[in-house]
Asker: 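Would you mind keeping the following structure in view while I ask a few things?
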Amino acid sequence: MNKKPIIGITMGDAAGVGPEIIVKSLQQKELYDRAHPIVIGDSKMLKRAASIVKTDMTIKEINIDSDFTEGNNREITCVDLDLLPEDLPYGQVSAEAGNAAFQYLRTAIELANKHKIDAICTAPLNKEALHKGGHLYPGHTEILAQLTDTTDFSMMLSSPKLKVIHVTTHVGIIDAINQIKPERVYNVIRLAHHTLAKSGISEPKIGVCGINPHAGENGLFGYGEEEEKIIPAVTKALEEGVQVEGPLPADTLFFRAQRGDFDIVVAMYHDQGHGPIKVLGLEAGVNITVGLPIIRTSVDHGTAFDIAGKGMVDERSMLEALNQAIELAPEK
């Protein structure tokens with residue numbers, strides 16, 4: 001009989017909605033039938049969130065050497081790193097909270113490497129706070145890649161109607177275009193193919209966005225970026241038997257993908273891929289880092305400082321991220 005996977009949930013920036021979406025999500029008793037969730041963060045922040053959302057669940061404090069297999073659906077288990085003051089202000093950029101968010105993730109990676117947890121699910125962090133805390137990363141994805149010595153990785157956004165994987169993410173548009181190279185585009189196409197194949201889609205259909213309007217329209221727009229940067233990668237993947245088409249105009253490709261013509265879209269830059277997913281609904285989107293030796297899923301929204309501490313946040317993206325982590329976690 002397979003054992004339930006242990007899912008490590010990092011708290012993210014505790015000045016935001018992370019603690020609240022975690023507590024709200026872990027009130028769903030059916031989660032505990034499928035997995036054993038462990039929060040990695042500060043127990044005092046969870047207790048504060050529990051009082052805001054008015055749950056009767058208790059917070060159980062453990063440390064990194066505790067038995068992670070114990071727990072029940074009446075309590076939230078927390079690896080308590082005790083990094084933050086009890087009166088941390090909501091909705092404010094804080095070096096303390098930024099550093100703590102990094103330490104939660106670093107600890108989760110260590111626990112995954114030691115096989116104490118089977119997957120990581122991350123609550124959102126704030127990039128400005130992360131930098132103020134001394135950790136100069138663009139976001140979660142880049143931290144995970146560096147701390148796992150991974151060079152070939154990508155961000156995939158998943159929703160019920162659309163999946164998108166990115167060639168570039170947290171860089172400005174000019175830098176993004178400079179970073180788009182045939183080898184990188186090819187690697188992302190392969191990551192998309194392998195990820196969906198492992199999930200049970202035997203021959204995934206992949207659509208690749210162009211960079212310019214109308215994918216350049218045979219040189220009418222741009223300076224030949226599609227011919228230089230994308231077509232060689234698509235050609236190479238096709239020669240290897242991958243079902244891929246492109247470069248295609250982004251303004252119609254996402255519509256075709258959500259209609260069912262493609263299983264996943266390869267986006268060239270951040271907003272090209274994020275915009276269509278978020279139009280479909282923040283509550284349904286999940287961020288999955290592919291190419292890592294560790295399963296990592298995340299909510300597809302930010303820290304929402306404007307509503308932090310008010311009990312108003314929608315936890316459905318976190319619940320979906322937890323469900324994806326459970327499904328992707330290796331069988332025991």
Side-chain angles (χ1 to χ4, degrees), residues 137-146 148-159 162-199 201-212 215-216 222 225-250 253-254 256-258 261-277 285-298 300 324 328:
Y137 294 89
H140 272 116
T141 302
E142 293 79 9
I143 298 171
L144 283 150
Q146 181 169 322
T148 58
D149 295 321
T150 303
T151 57
D152 192 10
F153 62 93
S154 185
M155 176 191 294
M156 184 174 88
L157 302 182
S158 177
S159 71
L162 182 64
K163 289 181 172 58
V164 181
I165 191 168
H166 293 72
V167 173
T168 67
T169 48
H170 296 114
V171 293
I173 188 67
I174 294 173
D175 292 331
I177 292 170
N178 288 333
Q179 289 181 18
I180 298 168
K181 308 288 185 186
E183 183 180 3
R184 172 62 180 166
V185 176
Y186 167 77
N187 286 339
V188 173
I189 292 169
R190 294 296 304 180
L191 283 171
H193 175 84
H194 288 311
T195 300
L196 295 192
K198 284 195 297 183
S199 74
I201 302 173
S202 59
E203 294 184 353
K205 300 184 292 295
I206 302 168
V208 180
C209 286
I211 297 171
N212 294 297
E225 287 88 356
E226 280 75 18
E227 289 78 9
E228 175 191 347
K229 297 171 178 287
I230 300 175
I231 289 175
V234 172
T235 301
K236 183 177 180 182
L238 282 168
E239 290 171 349
E240 295 176 355
V242 177
Q243 290 198 37
V244 58
E245 187 177 342
L248 298 169
L253 175 53
F254 290 99
R256 292 180 61 195
Q258 64 85 33
D261 294 1
F262 298 97
D263 296 303
I264 192 167
V265 172
V266 176
M268 291 296 122
Y269 51 90
H270 183 280
D271 285 11
Q272 187 182 58
H274 279 59
I277 285 280
V286 176
N287 183 334
I288 304 170
T289 308
V290 298
L292 297 174
I294 297 169
I295 299 299
R296 179 261 175 162
T297 68
S298 181
D300 185 27
Q324 293 273 353
L328 293 170

Asker: Do Y269 and I173 have side chains that get closer than 4.5 Å, going by heavy atoms?
Answerer: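 Touching, per the 4.5 Å side-chain cut-off.
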Asker: Would K205 pass as a cation-pi partner of F262, given that its NZ or CZ must be under 6.0 Å from the six-membered ring centre and within 45 degrees of the axis?
Answerer: no
Asker: Could you work out, with side chain to side chain donor-acceptor pair (under 3.5 Å) as the rule, every residue matching D175, not counting sequence neighbours?
Answerer: none
Asker: Yes or no on side-chain contact (heavy atoms from CB on, under 4.5 Å) for E226 and I211, after CA distance, side-chain angles and deciding distance?
Answerer: CA-CA 7 Å; E226 280 75 18; I211 297 171; 3.5 Å; yes
Asker: Evaluate the criterion side-chain contact (heavy atoms from CB on, under 4.5 Å) for residue pair H193 and I206; output intermediate values, then yes/no.
Answerer: CA-CA 8 Å; H193 175 84; I206 302 168; 4.0 Å; yes
Asker: Which atom names give the shortest non-hydrogen contact between K163 and S158, and what distance separates them?
Answerer: CE-OG, 3.5 Å
Asker: Taking atom CG of N287 and atom CG of L157, what is their separation to the nearest 0.5 Å?
Answerer: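 The distance works out to 5.5 Å.
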Asker: So if I apply the side-chain contact (heavy atoms from CB on, under 4.5 Å) rule between L248 and each of V234, L253, V266, V265, which one comes out positive?
Answerer: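 With L248 as partner, side-chain contact (heavy atoms from CB on, under 4.5 Å) holds for just one option, L253.
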Asker: Could you pull out the closest heavy-atom pair between G273 and V164, with the gap in Å?
Answerer: CA-CG1, 3.7 Å
Asker: Side-chain contact test, heavy atoms from C-beta onward, threshold under 4.5 Å: evaluate it for L144 versus T150 and give yes or no.
Answerer: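 Heavy-atom side-chain distance check fails, nothing below 4.5 Å.
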Asker: State which residues pass salt bridge (charged side-chain N to carboxylate O under 4.0 Å, His left out) with E240; sequence neighbours excluded, sorted by chain then number.
Answerer: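 Per chain and number, E240 pairs via salt bridge (charged side-chain N to carboxylate O under 4.0 Å, His left out) with R190.
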Asker: Are the side chain of Q272 and the backbone N or O of G210 linked by a donor-acceptor pair below 3.5 Å?
Answerer: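 Looks like yes, one N/O pair under 3.5 Å.
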Asker: Apply side-chain contact (heavy atoms from CB on, under 4.5 Å) to residues I295 and Q324 and explain how you reach the verdict.
Answerer: CA-CA 10 Å; I295 299 299; Q324 293 273 353; over 6 Å; no
Asker: Could you tell me the separation between the OH atom of Y186 and the NZ atom of K236, rounded to the nearest 0.5 Å?
Answerer: 4.5 Å
Asker: Given side chains that start at C-beta, do those of H274 and H166 come closer than 4.5 Å, heavy atoms only?
Answerer: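 Answer yes - side chains close enough.
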Asker: Does any N or O in the side chain of E225 come within less than 3.5 Å of the main-chain N or O of N212, such that one atom is a donor and the other an acceptor?
Answerer: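 Checking the backbone N and O of N212 against the side chain of E225, no donor-acceptor pair under 3.5 Å is found.
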Asker: Assess the residue pair V286 and D300 against the criterion (side-chain contact (heavy atoms from CB on, under 4.5 Å)); give the C-alpha distance rounded to whole Å, side-chain angles, the decisive distance to 0.1 Å, and a yes or no.
Answerer: CA-CA 5 Å; V286 176; D300 185 27; 5.9 Å; no
Asker: State the CD1-CE distance between I165 and M156, to the nearest 0.5 angstrom.
Answerer: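 So the CD1 of I165 and the CE of M156 are separated by 6.5 Å.
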Asker: Listed by chain and number, what are the ring-ring contact (aromatic ring centres under 6.0 Å, His included) partners of H170, not counting sequence neighbours?
Answerer: H270
Asker: Distance check, rounded to the nearest 0.5 Å: Q179 atom CD versus K229 atom NZ?
Answerer: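 Between atom CD of Q179 and atom NZ of K229 there are 9.5 Å.
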Asker: For the atom pair CE (M155) and NE2 (H140), what is the distance rounded to the nearest 0.5 Å?
Answerer: 10.5 Å
Asker: Does S154 use its side chain to pair, donor to acceptor, with the backbone of V188 at less than 3.5 Å?
Answerer: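 Checked: no pair found.
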Asker: Working to the nearest 0.5 angstrom, can you tell me the gap between I294 CD1 and T289 OG1?
Answerer: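 Answer for the CD1-OG1 pair, I294 versus T289, is 10.5 Å.
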Asker: With a 4.5 Å cut-off on side-chain heavy atoms, are P204 and I201 touching?
Answerer: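 I201 vs P204: side chains touch.
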Asker: Heavy-atom distance under 4.5 Å between the side chains of T168 and M268, does that happen here?
Answerer: no
Asker: Please find the pair of heavy atoms, one from A237 and one from V244, that lie closest to each other, and give the distance.
Answerer: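 So the minimum-distance heavy-atom pair works out to CB-CG1, 3.9 Å.
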Asker: Is any side-chain heavy atom of I231 closer than 4.5 Å to one of P247?
Answerer: yes
Asker: Could you check V208, I230, I264, L238 and say which one makes a side-chain contact (heavy atoms from CB on, under 4.5 Å) with I189?
Answerer: V208
